[in-house]
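Working notes, structure below.
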Amino acid sequence: MSASRVSARLSLLESAISPRSHSDQIPSSIVKSSNMIASQSALLIGGITHARPEWEALSSILTLKEFPSGTRQEFIENCKAGHYDDVVAIYRSNTSNKFTGNFDAELLSILPKSIRYICHNGAGYDNIDVPAYTRRNIAVSSTPVAVNNATADVGIFLMIGALRQAYVPITAIREGKWQGQTTTGHDPQGKVLGILGMGGIGREMATRAKAFGMKIQYHNRSRLPADLEAGATYVSFDELLANSDVLSLNLALNASTRHIIGAPEFGKMKDGVVVVNTARGALIDEDALVTALDSGKVRSAGLDVYEEEPKVHPGLLSNPRVMLLPHIGTNTFETQKEMEILVLNNLKSAVEKGELITQVPEQKK
Ligand SMILES: NC(=O)c1ccc[n+]([C@@H]2O[C@H](COP(=O)([O-])OP(=O)(O)OC[C@H]3O[C@@H](n4cnc5c(N)ncnc54)[C@H](O)[C@@H]3O)[C@@H](O)[C@H]2O)c1
């Protein structure tokens with residue numbers, strides 16, 4: 001990692017939050033109050049695993065409330081009953097989305113008028129209707145940068161696994177079949193990696209892939225400055241499809257990127273292309289991917305994300321040329337902790353300075 005990126009990463013983590021003594025007590029389902037009564041509250045939806053002391057330290061400036069688990073209906077009832085009427089900032093996550101459902105326009109209409117900030121734990125935030133929250137003047141932050149290394153590591157793991165079609169030997173040896181039906185794989189050396197979405201994770205994919213002797217090309221909405229390009233070639237979307245041996249998806253899911261890769265795009269790719277997706281499942285039309293795998297157009301794929309998680313397309317499950325992981329991109333101790341701290345730093349900055357550190361780019365425009 002370059003010195004500038006290290007310092008950018010550290011500056012996100014520098015915090016005025018000073019951990020206080022850790023309490024293992026699970027708070028009540030609605031309210032965990034501080035010793036002092038602050039006039040404003042923060043609401044934690046779901047759990048905090050690694051940074052609970054830092055969360056509890058916020059009780060010096062805020063009353064802390066929690067909705068650790070439950071249903072969307074229960075959450076809505078709490079809102080309607082006025083339990084969160086003094087909440088100015090919410091800590092939520094992709095994980096806690098299963099309790100509340102999406103932060104969509106319906107939920108927004110029920111949230112207390114006091115809420116000014118949504119501090120989201122996750123680099124992807126497609127479960128928040130950002131335009132609707134922007135219209136209500138609610139600022140939203142996510143956790144970029146902190147996720148880069150762990151997610152790119154998984155991307156490389158999936159790419160190598162797909163190139164080597166590693167699923168077959170991995171399962172054969174445990175079934176007592178030694179190599180079983182293992183086929184001969186392919187080297188990354190000398191191949192062209194095409195990165196669609198050259199943001200934080202895409203650039204870390206590029207850094208790692210260069211060490212494997214790959215040539216890097218990318219497509220982004222706009223070309224990057226030379227220092228961020230770091231030797232990668234900027235190409236059009238169609239050139240990326242036509243000239244990549246491995247295509248890695250590293251862009252956000254939104255209305256304009258849903259199914260950005262479908263049957264017409266597979267048709268423009270090289271025969272035997274390898275597809276890696278650690279971004280969001282719905283970027284790819286999964287039915288079209290299964291068809292392209294079945295025909296051999298796509299030789300193999302490495303996937304961490306799916307269109308309808310936790311459902312996985314049966315055509316992917318049954319295909320031994322596909323490496324499948326259950327959305328574990330950021331699931332390391334170090335990264336999870338860094339993400340939690342970054343959310344809390346956003347929350348503290350919001351309350352104390354009126355600004356988020358990593359506000360989502362759509363709102364910064
Ligand atoms: N598998 C996981 O656990 C995991 C972990 C973290 C992030 N993610 C996903 O990865 C995505 C990328 O994360 P990031 O932190 O690198 O985001 P980022 O915002 O740093 O980078 C995304 C890049 O995509 C580009 N882009 C957007 N729309 C595009 C388009 N139509 N065509 C080409 N490029 C486009 C943007 O300009 C940006 O450079 C996230 O949105 C998230 O959904 C998944």
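Everything numeric in this text was worked out from a predicted model, so none of it was measured. Read the numbers this way: they start at 1 and go in the same order the structure lists the ligands and their atoms.
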With backbone taken as N, CA, C and O and side chain as the heavy atoms from C-beta onward, which portion of [X] lies under 4.0 Å from ligand 1: side chain, backbone, both, or neither?
{"X": "Leu251", "result": "both"}
{"X": "Asn331", "result": "neither"}
{"X": "His327", "result": "side chain"}

When you measure from [atom] to every protein heavy atom, which one gives the shortest distance, and what is it?
{"atom": "atom 17 (O) of ligand 1", "value": "Gly200 N, 4.7 Å"}
{"atom": "atom 24 (O) of ligand 1", "value": "Gly197 CA, 3.3 Å"}
{"atom": "atom 37 (O) of ligand 1", "value": "Arg221 NH2, 3.0 Å"}
{"atom": "atom 22 (C) of ligand 1", "value": "Asn250 O, 3.6 Å"}
{"atom": "atom 44 (C) of ligand 1", "value": "Thr278 O, 3.0 Å"}
{"atom": "atom 5 (C) of ligand 1", "value": "Thr151 OG1, 3.2 Å"}

So that I can tick it off, tell me whether [Y] and [X] are bridged by a salt bridge, with the cut-off set at under 4.0 angstrom between side-chain N and carboxylate O.
{"X": "Arg72", "Y": "Glu106", "result": "yes"}
{"X": "Arg223", "Y": "Glu229", "result": "yes"}
{"X": "Arg136", "Y": "Asp129", "result": "no"}
{"X": "Glu66", "Y": "Arg52", "result": "yes"}
{"X": "Lys65", "Y": "Asp86", "result": "yes"}
{"X": "Glu175", "Y": "Lys177", "result": "yes"}

Note to self: Going by the rule side chain to side chain contact (heavy atoms under 4.5 Å, CB included), which residues pair with Lys215 if we only count those two or more places apart in sequence or in a different chain?
What the structure shows: Val192

Notebook entry, point to check: Hey, is atom 20 (O) of ligand 1 touched by any protein heavy atom at less than 4.0 Å?
Noted result: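 It does: a protein heavy atom is found less than 4.0 Å away from atom 20 (O) of ligand 1.
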
Just which atoms of ligand 1 are under 4.0 Å from any heavy atom in [X]?
{"X": "Met198", "answer": "39 (O)"}
{"X": "Asp304", "answer": "1 (N), 2 (C), 3 (O)"}
{"X": "Ala252", "answer": "41 (O)"}

Check: Which heavy-atom pair separates Ala279 from Leu251 by the least distance, and what is that distance?
Finding: CB-O, 3.3 Å

Check: Any idea which of Ile201, Thr257, Asn148 brings a heavy atom closest to atom 16 (O) of ligand 1?
Finding: Ile201

Note to self: Which option wins on minimum heavy-atom distance to atom 34 (N) of ligand 1: Asn220, Thr143, Leu228?
What the structure shows: Asn220

Margin query: If only side-chain N and O atoms count, and only distance matters, is there a donor-acceptor pair under 3.5 Å linking Arg92 with Asn97?
Written below: yes

Check: Can you find an N/O atom of Arg280 closer than 3.5 Å to an N/O atom of ligand 1?
Finding: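 There is such a contact, yes.
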
Margin query: According to side-chain hydrogen bond (donor to acceptor under 3.5 Å, both in side chains), does anything in residues 178-191 pair up with another residue at least two apart or in another chain? List the pairs.
Written below: Gln165-Thr183

